[in-house]
Colleague: 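Take a look at this one; I'll ask things after.
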Amino acid sequence: MQEKMIHRHDRGSMFIHWFNAACWIILTLTGLGLLSGDINPLGAWWPNAMRALFGSPEMLLNVHMYLGLFWAVVMLGYILARFRHSLAFVREAVNISPSRDFTWIIKRNIQLTLGDKALNRLGMSTDIPPQGFYNAGQKAFAQLSIIAGIFLVITGVIMFLSTMVIDNVTLVAWSRTIHFLFAALALAGLLVHIYMAAVSRDERPAFRSMVTGVVPESYARHHHELWYRQVKEKI
Amino acid sequence: MKKKYAMVVDSSVCIDCKACMASCKVQHDLPRGYWRNWIKEKRADFSMGKYAYAHFQPGNCMHCDNPTCVHACPSGATYKDDDTGMVRINEGLCIGCGNCIVACPYSARYRHPVRRVPDKCDFCQDRLAMGLQPACVDTCPTKARIFGDLNDPESEAANLLGTRETVKITTEPEDTRPNMYYLAATEPMDWPGEVKYPAAHRAMTGFVNPLFKIAVGLSGLGVAAMFIKQLLTSPDSSGQEEKKQEEA
C-alpha cells in the first residue's frame, strides 16, 4: 500500500541533524574520557580505555577540543547562513502550551514505560493531547540542547584559551564544572532521544524522515496533529 | 622494582645560603619571581638572650602519598607516578584550571606565567635520567639535602630513615603524607595552609557528579523500561491501538 507522504525536513536540516548527532556522540564519549578516574561517574575504566584508544591522554584532549571547536564553527555558520530557519526552530522549541504539553509529557511517559492500563489505573484517560510540529518531549530536548550547546561552547572556548591567554584560573575551574554539568544534562536527554529514534517502534517513521525528509500522512495525523492540520490548511 | 623517590633533609646544617634555590632556578630556567623550592626560616628570638637561635628549613614539593593536588585535578594531568612515587604534571593534558595550586597546602606549585600550566619540583627528571642528583642536592655545600629511593635499602636516604628519628611537616584537616623527611627535628612546623579544595572542584564532586548519576541513571532506566515494554507488546497490538485511536 502506497501511503501519501508529507514533507517534513529539508536537506539542510537533515545535514545539520546528522552532523550534530555524530559530533555530540563522539564529544560525549571522548569528554567522559577526560575526567580523571577519581571523579569519573563511570569509574576509572572508561578514561583508561579512551586514553589507550587514542594513544595518549593528550591526543584524547586534542581530538575533543578540536572536534568541539569544529562543531561550534560549523554550527555557527549554519545558524548565520539559515538565520530565519534557525530562529523559527527556536521559536517552535519554546512555543509551549502548558496544559497541553505538561499533560502530554506525563501521560506519554506513563504510557511508554508502564502502558495504557497504568494510565487507566491512575484514573487518566488514554487520549493524548494533540501536538504540533514537535511534541512536548522533542521541545524539551530541543530547549535543553540549545541551552546546553551555548554553555558548552562558551565554557569549552574558555578552557581552550586557558593555557594561551587566560590568567583568571577561577574562571577556568568553573568552566570545567559547568561544562560537565551541561554535558551530563544533554546526555540524559540524548539517551531518550536516541531511544525514541532508533529503537522505539512508534517513532520509526520519524527516524526514516531524518533521511528521506518525508513522513507518512497517517503518522503526521497521529503524532503531530496540530502540525498536520496546518499543512492541510495550506494546501 | 618500583622506586619511591624521597628527600631526607638535615635542616640543622642548613646555613640559608640559598644555593639550592639558585641552582634550581638556573637548572629549570624558572621565570622571574618564581621558585620551585624554598628555605623557611625560624627567626631568632633575642629575648631568649644567649639561648637565642635561628633555624633554616629547606623544602620543595613533598611528592605526597596522599596528594591533594592530584585529588583536585579534574583531568588527571597531575598524577602520582606509580613507578617512581613522584607527583608529576602532564602539561599536554592540563587545561590550566589552577585547582591543584589551591589544593596544595605547601604552596609548592605556581602557575607558570608564560605556559599557564602549573610548575613545581620534579626532582630534576632530566638530571636523574643522566645519573645525576637533583640540582639542589648536588649544589648544597653542607649536604643538608639527601635524595634517594626509599625502596632501595642501600640508598643513603633509606639508611637514614631506618636509623634516625625523623619528622614531617603535617597538614590539617587532611594528612598529605609527604615524602619529605627532616632528621631529628626542624623549625618552623606550622607554616602550611589548610588543605582546601577550590569551590569549583567541590561543586564538581559534591553536586555535578551526583546529578550526573541521577539524571543519566533515571534517563537510562526510563529507556530500559520503554524497551522492555516494547518487547512485551507485539507489533500487531500496538497497531490495533493506533487504529482504535484513529476511530476515536
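Side chains included, hydrogens not; waters and symmetry mates left out as well; all remaining heavy atoms used. Here is how names work: the chains are called A, B, and so on, in the same order as the sequence lines, proteins then strands, and each is numbered from 1.
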Colleague: Would you call B:Asp152-B:Lys3 a salt bridge at under 4.0 Å N-O?
Modeller: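 No salt bridge links B:Asp152 with B:Lys3.
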Colleague: Quick one: which residues of residues 184-199 of chain A reach chain B at under 4.5 angstrom, heavy atoms only?
Modeller: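 Listed by number, the contacting residues are A:Ala184, A:Leu185, A:Leu187, A:Ala188, A:Leu191, A:Val192, A:Tyr195, A:Met196, A:Val199.
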Colleague: For the salt bridge (Lys or Arg N to Asp or Glu O under 4.0 Å) test, which of A:Asp101, A:Asp127, A:Asp116, A:Asp202 pairs with A:Arg108?
Modeller: A:Asp202
Colleague: Select one option (side chain, backbone, both, neither) describing which atoms of B:Tyr79 are under 4.5 Å from chain A's heavy atoms.
Modeller: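 No part of it gets close to chain A.
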Colleague: Is A:Ile166 close to chain B through its backbone or its side chain, or both, or neither, when contacts mean heavy atoms under 4.5 Å?
Modeller: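 Answer is backbone: N, CA, C or O of A:Ile166 sit under 4.5 Å from chain B.
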Colleague: Using side-chain heavy atoms (C-beta onward) and a distance below 4.5 Å, is A:Val157 in contact with A:Leu69?
Modeller: yes
Colleague: Under the side-chain hydrogen bond (donor to acceptor under 3.5 Å, both in side chains) test against B:Tyr106, which residue among B:Thr171, B:Thr68, B:Thr176 passes?
Modeller: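 Looking at B:Thr171, B:Thr68, B:Thr176, the match for B:Tyr106 under the side-chain hydrogen bond (donor to acceptor under 3.5 Å, both in side chains) is B:Thr176.
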Colleague: Under 4.5 Å from any heavy atom of chain B, what part of A:Ser175 do you find: side chain, backbone, both or neither?
Modeller: neither
Colleague: Between A:Asp167, A:Leu171, A:Leu34, A:Leu181, who has the most heavy-atom pairs with chain B when the cutoff is under 4.5 Å?
Modeller: A:Asp167
Colleague: Check each of B:Arg109, B:Arg88, B:Lys120, B:His71 against B:Thr78 using the side-chain hydrogen bond (donor to acceptor under 3.5 Å, both in side chains) test, and report the only one that passes.
Modeller: B:Arg109
Colleague: Could you tell me which of A:Met59, A:Arg51, A:Arg176, A:Met164 has the largest number of non-hydrogen atom pairs under 4.5 Å with chain B?
Modeller: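 Of A:Met59, A:Arg51, A:Arg176, A:Met164, A:Arg176 has the most heavy-atom pairs under 4.5 Å with chain B.
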Colleague: Name the region of B:Leu211, side chain, backbone, both or neither, that has any atom closer than 4.5 Å to a heavy atom of chain A.
Modeller: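 Just the side chain, heavy atoms under 4.5 Å.
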Colleague: Would you say A:Thr177's side chain and B:Ala200's backbone share a donor-acceptor pair under 3.5 angstrom?
Modeller: yes
Colleague: Against chain A, label B:Thr205 side chain, backbone, both or neither, depending on which of its atoms sit under 4.5 Å from a heavy atom there.
Modeller: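 Contact with chain A involves the side chain of B:Thr205 alone.
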Colleague: Counting only heavy atoms closer than 4.5 Å, note whether B:Ala199 contacts chain A via side chain, backbone, both or neither.
Modeller: both
Colleague: Checking heavy atoms, do the side chain of B:Pro198, its backbone, both or neither come under 4.5 Å from chain A?
Modeller: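 Neither; nothing under 4.5 Å.
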Colleague: Taking atom NZ of B:Lys196 and atom SG of B:Cys104, what is their separation to the nearest 0.5 Å?
Modeller: 13.0 Å
Colleague: Please state whether the side chain, the backbone, both or neither of A:Ile110 comes within less than 4.5 Å of a heavy atom of chain B.
Modeller: neither
Colleague: Select one option (side chain, backbone, both, neither) describing which atoms of A:Asn109 are under 4.5 Å from chain B's heavy atoms.
Modeller: neither
Colleague: Taking it one step at a time, do B:Met21 and B:Asn37 satisfy side-chain contact (heavy atoms from CB on, under 4.5 Å)?
Modeller: CA-CA 6 Å; B:Met21 293 172 71; B:Asn37 56 8; 3.4 Å; yes
Colleague: Look at B:Pro210, B:Cys97, B:Gly222 and state which one has the largest set of heavy-atom pairs under 4.5 Å with chain A.
Modeller: B:Cys97
Colleague: Can you find a side-chain donor-acceptor pair between A:Ser36 and A:Asp38 that sits under 3.5 Å?
Modeller: no
Colleague: Please determine whether a side-chain nitrogen of the Lys or Arg among A:Arg229 and A:Glu225 lies less than 4.0 Å from a carboxylate oxygen of the Asp or Glu.
Modeller: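 Salt bridge: yes.
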Colleague: Under a 3.5 Å distance rule, please check whether A:Asn40 uses its side chain to pair with a backbone N or O of A:Leu35 as donor and acceptor.
Modeller: yes
Colleague: So, B:Phe123 versus B:His63, ring centres under 6.0 angstrom or not?
Modeller: yes
Colleague: Heavy-atom cut-off 4.5 Å, strictly under: side chain, backbone, both or neither for B:Asn209 against chain A?
Modeller: both
